[in-house]
Amino acid sequence: MTWDTSLLWQFDILILLMMVICAVTALALEGLLSSAIVTGAYSFLICLMWTHMRAVDVAFTEAAVGAAISTVLFLGTAQYVNRWIKKDRPREQGIKQITLVIAVICAVMMLNATRDLPEWADPASPASTHLSPRYIEQAYFETATPNVVTAVLADYRSYDTMFEAVVVFAAALVVMVVLRRTSHKHRMALHLRPKRAGRDTVLRGAAQSIIPVMQIFALYVLFHGHYSPGGGFQGGVIFGASFILLALCYNLKFSMNRFREHAVLWCCAGGVLLYAGIGAACLAMGWNFLGYGALAGVLGVSDVMARSHGILAVEIGVGITVMAVMVSLYNDLASGGDLEEGL
Amino acid sequence: MITDILVIIAMLSGLLFFVATTVGIIRFPDFYSRVHAAGKGDTLSTTLFLGGAILFIMRDFSGENLLTAGKLLLIVFYIFIASPTATHAIIDAGYEFRVPYWTRSSGKKGTEGDEENEENMDDGFYPDDLKG
Amino acid sequence: MNLEPFFIVMVVAILFLMLCNLYRVVAGPTVIDRMLGVNVIGIKTTVLIVLIGIIDGRVEMFIDITLAYALLNFITTLAAARFYQRISHPAPSEPEESLVAPSAGPEVEEVDAPAKASDSSRKETP
């Protein structure tokens, strides 16, 4: 009996079925919190799907963000907003029906378009014939980076990655501009709730044993991104999650004493600045923007190794920014902006 | 050969505990007993599965496989810490939130129960903040 | 002995169990029940990723994802628990700002300590 392990259709069918169930449930539920939690289940399933498709880097990102950050941010926000969908408003019902019609039309068009898509893992498809062969064949010899995804992300398409880092930075900035307020003047209603000083011994013990490993693992993911799945974004998310865990197991004040707001903001901006600064340094030395080969003279290595080192430096920049942005988003959203008391 | 049989035994017993967990999560009547099923069964069966994986990887011994097995051991260790901690935290929250617990009279929907226990599990049983 | 069919059967069986657990996520009467279901699905995901890696013969590629899940998976559950602990306590009528002075120094934890010791005599363990 032969088993075609590259395409387990049972696996695909089951995961797709569960994803559809999750999506429909998340739409049908009335409580926003339940929807957020069902979306967490969806995140696990999509991570499995990507693992099954061998898109390991994407699966890693989904694992880090979906397991640690997104639902926590939803929960932190849910303290301050209305958590229920109000029904029976005729005007909104009309809008919803129009939206439904538009969504159905779009779905039909997209389903129609799927017939033109190439077969899964088709080597003759356009995506696999133009640029991918060059990346796969040349990336190691041009950048000395075995993980092609890292090479493409931080070298060949580093403009993309730089502006992604800028977008993440802008997200933290916007949340801060909208929510951040001084602690004494405008007190929201929920801040009359009792202060919690990390009274749970079990949680504190778990945090003490897990957080150091988490931080070391985050650094490993960041610096090992050349050789295995991972990189700046995943490492940064895991490092930020360690501070979020500290805030959950102790309290927000405790974690903010370890990582102060000024430091968070400096890290937010500093990572992007490091990224752009490396690009500008390359430009100043007569190469293209973010052409890491320019660093060869400074570092005293060959062009190829200079590109590898440039990728590493850029990943560190991304990691610092993402880490600080995650901590900043959690601090602002979970405390309602006054950084007094988090979840 | 013996290693293979050990792998199969470990994974099958892990699957057994997964099945037990699933049955518990679906069939148990209230929140506390469900958490109990999930917390115990899942931790043990994950340990068994990953132990089987460690045995399978260590069949052909090499440095790289040793590293992978070490990471798997680390995973087992931290799941062993993290999963019961999560269970503890969530059951603590449920207790402080006064999630109602199941009693025989509340489960039978008032056929034999006292007057004050007659409210059943359907309506008004859970606090409003938890529903939805 | 070729164990690959066995692993594939295991993967599909665990997926079926995940489908069953999804019932609790979909139908669970309370939010914490849904949370519990998601937690269980997450643990099964951890196992599944390792099994897929073994079937592929490249476990070392997938192991980091599993480690990330093992370390991060309980943060969401913890946050949900904290959320319900927070909203379950009724708000005191007076804000306790006068008791706990906001201090700018790095010893906020120590400044908080007397107020904390008043309600629970537990000491801060370093």
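In the text below, chain A, chain B and the rest are named by the order of the sequence lines, each starting its count at 1.
Two residues are said to be in side-chain contact when any heavy atoms from C-beta on lie closer than 4.5 Å; I46(A) and M19(A) meet this criterion.
With chain C as partner, the option from A63(A), A68(A), A41(A) having the largest number of non-hydrogen pairs under 4.5 angstrom is A63(A). Here L22(C) is the residue among L48(C), L22(C), N39(C) with the most heavy-atom pairs under 4.5 Å with chain A. No other option in I41(C), V26(C), D64(C) has as many heavy-atom pairs under 4.5 Å with chain A as D64(C). In terms of heavy-atom pairs under 4.5 angstrom with chain C, the leader among G230(A), A218(A), C47(A) is C47(A). Of the listed residues N73(C), L67(C), V25(C), the one with more heavy-atom pairs under 4.5 angstrom with chain A than any other is L67(C). In terms of heavy-atom pairs under 4.5 Å with chain C, the best-connected choice from G66(A), A78(A), G40(A), S242(A) is A78(A). For the options S228(A), P229(A), S43(A), A64(A), heavy-atom pairs under 4.5 Å to chain C are most numerous at P229(A).
The part of F217(A) that comes within reach of chain C is its side chain, from C-beta onward, which places non-hydrogen atoms under 4.5 angstrom from that chain. For I52(C), the part sitting under 4.5 Å from any heavy atom of chain A is the side chain, from C-beta outward, and nothing else. Contact of L14(A) with chain C is made through the side chain alone, with heavy-atom distances under 4.5 Å. Using a 4.5 Å cut-off between heavy atoms, L17(A) touches chain C through its side chain atoms alone. With a 4.5 Å cut-off on non-hydrogen atoms, L19(C) touches chain A through its backbone and its side chain both. Heavy atoms of F83(C) lying under 4.5 Å from chain A belong to its backbone as well as its side chain. Contact annotation for L45(A): only side-chain heavy atoms (C-beta onward) come within less than 4.5 Å of a heavy atom of chain C. Neither the backbone nor the side chain of I63(C) comes within contact range of chain A, judged by heavy atoms closer than 4.5 Å.
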Stepwise, does the ring-ring contact (aromatic ring centres under 6.0 Å, His included) test hold for Y69(C) with F44(A)?
CA-CA 10 Å; Y69(C) 265 137; F44(A) 284 122; 5.3 Å; yes
Between R204(A) and L246(A), does the side chain to side chain contact (heavy atoms under 4.5 Å, CB included) criterion hold? Intermediate values first, please.
CA-CA 8 Å; R204(A) 295 197 324 200; L246(A) 199 65; over 6 Å; no
Please lay out, stage by stage, how M35(C) and T30(C) fare under the test side chain to side chain contact (heavy atoms under 4.5 Å, CB included).
CA-CA 9 Å; M35(C) 198 69 240; T30(C) 67; over 6 Å; no
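Taking the six-membered ring for Trp and the full ring otherwise, the centers of F60(A) and F233(A) sit at least 6.0 Å from each other.
More than 12 heavy atoms of other shown residues, nucleotides or ligands fall within 6.0 angstrom of atom OH in Y220(A). No more than 12 heavy-atom neighbours from other residues, nucleotides or ligands sit within 6.0 angstrom of CZ on F74(A).
Of the inter-residue distances, the one linking I210(A) atom CD1 with L203(A) atom CG reads 10.5 Å to the nearest 0.5 angstrom. A distance of 9.5 Å separates CG in N2(C) from CZ in F7(C), rounded to the nearest 0.5 Å.
Under the 6.0 Å distance and 45° angle rule, R258(A) counts as a cation-pi partner of F254(A).
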